[in-house]
Amino acid sequence: MEWSIIVFRKAIWAESAMRFTMTITQVKLSLLGCLILAAAVSFDVAGQTSGAQGDIDKIQHLIAEYAKAVDTADVMLVREIWSNSPDVSFIHPLGHEQGIDQVAENVFRHLMGDTFSERKLSIRDVSIHTYGDTAWAEFYWDFAAKFRKDGAPLATKGRETQIYHKEQGRWRLVHVHYSGMPVTGEGRGF
């Protein structure tokens with residue numbers, strides 16, 4: 001409030017001291033500049049992260065490692081990323097895994113490793129929020145793979161939420177929920 005009063009006072013002083021007038025074109029350009037600035041600010045807020053930058057960087061790294069674990073079906077990497085708590089869970093269109101053993105075996109070894117001969121998970125539009133020892137990430141993904149049985153290609157798109165917990169100073173993944181992209185149309189998406 002105090003800043004806006006100072007700016008207002010300076011604007012009045014400048015106007016009376018300089019007696020300048022703006023043309024219609026200058027006004028239009030000024031308004032256009034304000035609109036562009038407002039659009040840029042609202043875009044940044046939509047994908048903004050919150051929390052300490054060091055924590056956000058560490059979680060971003062874990063998301064990259066998660067994608068690598070999908071790409072390689074690396075169960076050992078999964079166990080490094082995820083918490084060892086029996087409460088971890090993974091909800092996906094084919095089921096609900098509870099505990100690190102089910103997540104590692106059913107999702108990464110069997111679903112990813114046994115079902116597909118090639119996998120590539122591409123992650124985009126990541127948003128990360130940290131609050132103390134808890135954090136969550138939201139993102140969209142593209143998944144390209146080849147079925148092991150016949151080499152047929154598969155391409156899907158979706159969105160995902162991941163929840164993290166800081167354990168003994170290290171961030172660990174404790175929950176994943178992913179689904180396909182939104183569907184539209186009457187009677188769909190319920």
Side-chain angles (χ1 to χ4, degrees), residues 44 46-183 189:
D44 285 343
Q48 191 173 16
T49 59
S50 61
Q53 190 61 50
D55 288 331
I56 290 168
D57 292 344
K58 289 174 184 169
I59 292 170
Q60 182 70 43
H61 175 74
L62 287 173
I63 293 169
E65 290 292 287
Y66 169 84
K68 182 179 175 183
V70 170
D71 294 350
T72 60
D74 185 343
V75 174
M76 295 305 293
L77 182 55
V78 169
R79 291 181 183 279
E80 290 176 25
I81 297 167
W82 285 76
S83 170
N84 204 21
S85 167
D87 297 328
V88 302
S89 60
F90 194 119
I91 297 174
H92 54 96
L94 297 176
H96 182 174
E97 313 308 326
Q98 191 73 41
I100 187 62
D101 291 335
Q102 284 187 6
V103 170
E105 294 302 313
N106 297 344
V107 175
F108 289 88
R109 184 180 312 277
H110 298 304
L111 179 60
M112 293 298 148
D114 294 344
T115 306
F116 303 109
S117 60
E118 297 176 22
R119 296 153 303 282
K120 179 63 180 162
L121 180 65
S122 301
I123 294 173
R124 60 186 165 78
D125 301 331
V126 178
S127 178
I128 300 169
H129 304 274
T130 64
Y131 294 96
D133 63 356
T134 304
W136 80 87
E138 304 167 87
F139 54 82
Y140 290 88
W141 49 259
D142 298 308
F143 180 69
K146 285 188 180 178
F147 283 99
R148 189 172 296 284
K149 66 179 180 182
D150 60 6
L154 171 74
T156 60
K157 296 178 183 295
R159 54 201 168 157
E160 189 162 316
T161 301
Q162 296 184 344
I163 299 175
Y164 292 84
H165 185 254
K166 192 180 269 188
E167 300 173 353
Q168 299 172 349
R170 295 181 66 192
W171 286 104
R172 292 288 181 243
L173 188 54
V174 294
H175 176 74
V176 166
H177 186 149
Y178 85 79
S179 59
M181 294 301 285
V183 294

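All values below were derived from every heavy atom in this structure, side-chain atoms included, with hydrogens, water molecules and symmetry-related copies excluded. From a predicted model like this one, the values you see are computed outputs, not experimental measurements.
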Measure the [atom1]-[atom2] distance between [X] and [Y] for me, rounded to the nearest 0.5 Å.
X	Y	atom1	atom2	value
Asp125	Glu138	CG	CD	11.0 Å
Glu65	Lys68	CD	NZ	5.0 Å
Ile56	His129	CD1	NE2	8.5 Å
Glu105	Glu97	CD	CD	10.5 Å
Leu173	Glu80	CG	CD	13.5 Å
Arg119	Thr115	CZ	OG1	9.0 Å

Looking at every non-hydrogen atom in both residues, tell me the closest pair between [X] and [Y] and how far apart they are.
X	Y	value
Ser83	Glu167	OG-OE2, 2.6 Å
Ala69	Leu77	N-CD2, 3.7 Å
Thr130	Ala52	OG1-N, 3.6 Å
Ile63	Phe139	CG2-CE2, 4.1 Å
Trp82	Ile100	CB-CD1, 3.3 Å
Ser89	Gln98	CB-OE1, 3.8 Å

Presence of salt bridge, Arg79 and Asp101, under 4.0 angstrom |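 Looking at Asp101 and Arg79, the cut-off is met.
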Inspect the contact between Asp142 and Lys157 and indicate whether a charged nitrogen and a carboxylate oxygen are less than 4.0 angstrom apart.
->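 A salt bridge links Lys157 with Asp142.
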Residue that, paired with Gln60, satisfies side chain to side chain contact (heavy atoms under 4.5 Å, CB included) out of Val126, Ile123, Asp55 |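 Option passing the side chain to side chain contact (heavy atoms under 4.5 Å, CB included) with Gln60: Val126.
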Distance-only, no hydrogens or angles: does the Asp71 side chain make a donor-acceptor pair with backbone N or O of Leu121 under 3.5 Å?
-> yes
Asp74 and Phe108: CA distance, side-chain angles, deciding distance, side-chain contact (heavy atoms from CB on, under 4.5 Å) verdict | CA-CA 7 Å; Asp74 185 343; Phe108 289 88; over 6 Å; no
Just jot down the side-chain contact (heavy atoms from CB on, under 4.5 Å) partners of Leu62, sequence neighbours excluded, or say none.
-> Ile81, Tyr164, Trp171
How about [X]: does its [atom1] atom have over 12 heavy atoms from other parts shown lying under 6.0 Å from it?
X	atom1	answer
Lys166	NZ	yes
Asn84	CG	no
Arg148	CZ	yes

Between Tyr131 and Trp136, does the ring centroid distance fall short of 6.0 Å?
->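 Aromatic pair counts; centres sit under 6.0 Å.
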Are the aromatic ring centres of Tyr178 and Phe143 under 6.0 angstrom apart?
->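 That pair fails the under 6.0 Å test.
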Begin with the C-alpha distance, continue with both residues' side-chain angles, and end with the deciding distance and a verdict on side-chain contact (heavy atoms from CB on, under 4.5 Å) for Val176 and Tyr66.
-> CA-CA 11 Å; Val176 166; Tyr66 169 84; 3.9 Å; yes
Could you walk me through whether Tyr140 and Arg159 pass the side-chain contact (heavy atoms from CB on, under 4.5 Å) test, one step at a time?
-> CA-CA 4 Å; Tyr140 290 88; Arg159 54 201 168 157; 3.8 Å; yes
